[in-house]
Amino acid sequence: ERQKKYQDWCLRTYVDENASVKWCPNPVGCQYACEYQGVESLEIHCACSFVWCWACGEEAHKPASCKTVNQWNVKNSAESENISWIRAHTKKCPKCHKPIE
C-alpha cells in the first residue's frame, strides 16, 4: 500500500513539474498523462481516445486558433446564462408563445 502511494506520488510530481508532460483534460475523466515531443502539430491523441490541444487544453480545434476557441466558449457561456435567466423569469405568451415576463 505504501509502495503504491509512493509510486503515484512520484508520477504526479513528475507530470506536474515537467513542462513537456500534461494530464489529459478529457471532460469524462482520464488517468493518462501525455508528452509533447515539440513537433509542429499541437493536437495530442491520448490513449483514452480523446484528442486535445496542447496549447490551451481544449478539445482539438484545428484550424481555429486557441484565442478564437476561448472567445467562442466565453460567448456560449454568456448565452447559456441568458437562456437560464429567460427560463427562470418568463413564461410563454398563450397567443404567440414568445417569452414574456
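Heads up: numbering here begins at 1 and tracks the sequence.
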**Student:** Applying a strict under-4.5 Å side-chain criterion to I, L, V, M, F, W and Y, I'd like to know whether V69 and W54 cluster together.
**Tutor:**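 Shared cluster, no.
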**Student:** Return the CD to NZ distance between Q7 and K4, rounded to the nearest 0.5 Å.
**Tutor:**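 Nearest 0.5 Å value for the CD-NZ distance: 7.0 Å.
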**Student:** Determine the minimum heavy-atom distance between P25 and G57, stating which atoms define it.
**Tutor:**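 Minimum heavy-atom separation between P25 and G57: CG-O, 3.3 Å.
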**Student:** Tell me, please, which residues at least two apart from N26 pass side chain to side chain donor-acceptor pair (under 3.5 Å).
**Tutor:**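 N26 satisfies side chain to side chain donor-acceptor pair (under 3.5 Å) with no residue once adjacent residues are dropped.
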**Student:** State the CD-SG distance between Q31 and C48, to the nearest 0.5 angstrom.
**Tutor:**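 One gets 8.5 Å once the value is rounded to the nearest 0.5 Å.
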**Student:** Is there a path of hydrophobic side-chain contacts, each under 4.5 Å between heavy atoms of I, L, V, M, F, W or Y residues, that connects Y36 with F50?
**Tutor:**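 Yes, it is one cluster - the side chains of Y36 and F50 are joined through contacts under 4.5 Å.
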**Student:** For C34 and H45: C-alpha separation, side-chain torsions, deciding distance, then whether side-chain contact (heavy atoms from CB on, under 4.5 Å) applies.
**Tutor:** CA-CA 8 Å; C34 301; H45 297 260; over 6 Å; no
**Student:** Mind checking salt bridge (Lys or Arg N to Asp or Glu O under 4.0 Å) for K62 and listing every partner two or more places apart, or none if nothing turns up?
**Tutor:**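 Listed in chain order: nothing, the list is empty.
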**Student:** How long is the gap from CD on E58 to CG on N73, to the nearest 0.5 Å?
**Tutor:**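 It comes to 5.0 Å.
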**Student:** Check side-chain contact (heavy atoms from CB on, under 4.5 Å) between C96 and all other residues, then give those that pass, not counting sequence neighbours.
**Tutor:**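 C96: side-chain contact (heavy atoms from CB on, under 4.5 Å) contacts with C93, K98.
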**Student:** Do W23 and Y14 share a hydrophobic cluster, counting only Ile, Leu, Val, Met, Phe, Trp and Tyr and linking them when any side-chain heavy atoms are less than 4.5 Å apart?
**Tutor:**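 Same cluster.
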**Student:** According to the salt bridge (charged side-chain N to carboxylate O under 4.0 Å, His left out) rule, which pairs have a member within residues 9-19, sequence neighbours left out?
**Tutor:**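 Those involving residues 9-19 do not exist here.
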**Student:** At what distance, to the nearest 0.5 angstrom, does NE2 of H61 lie from CD of E43?
**Tutor:**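 The CD atom of E43 is 8.5 Å from NE2 of H61, to the nearest 0.5 Å.
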**Student:** Any salt bridge (charged side-chain N to carboxylate O under 4.0 Å, His left out) pairs touching residues 66-75, not counting sequence neighbours?
**Tutor:**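 Every salt bridge (charged side-chain N to carboxylate O under 4.0 Å, His left out) pair that includes a residue of residues 66-75, provided the two are not neighbours, is K75-E79.
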**Student:** Kindly write out the residues that satisfy salt bridge (Lys or Arg N to Asp or Glu O under 4.0 Å) with K91, not counting sequence neighbours, or none if the list is empty.
**Tutor:**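 Scan of K91 (salt bridge (Lys or Arg N to Asp or Glu O under 4.0 Å), adjacent residues dropped) gives none.
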**Student:** Which atom pair, heavy atoms only, marks the closest approach of K22 to A55?
**Tutor:**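 Residues K22 and A55, closest heavy atoms: NZ-O, 4.4 Å.
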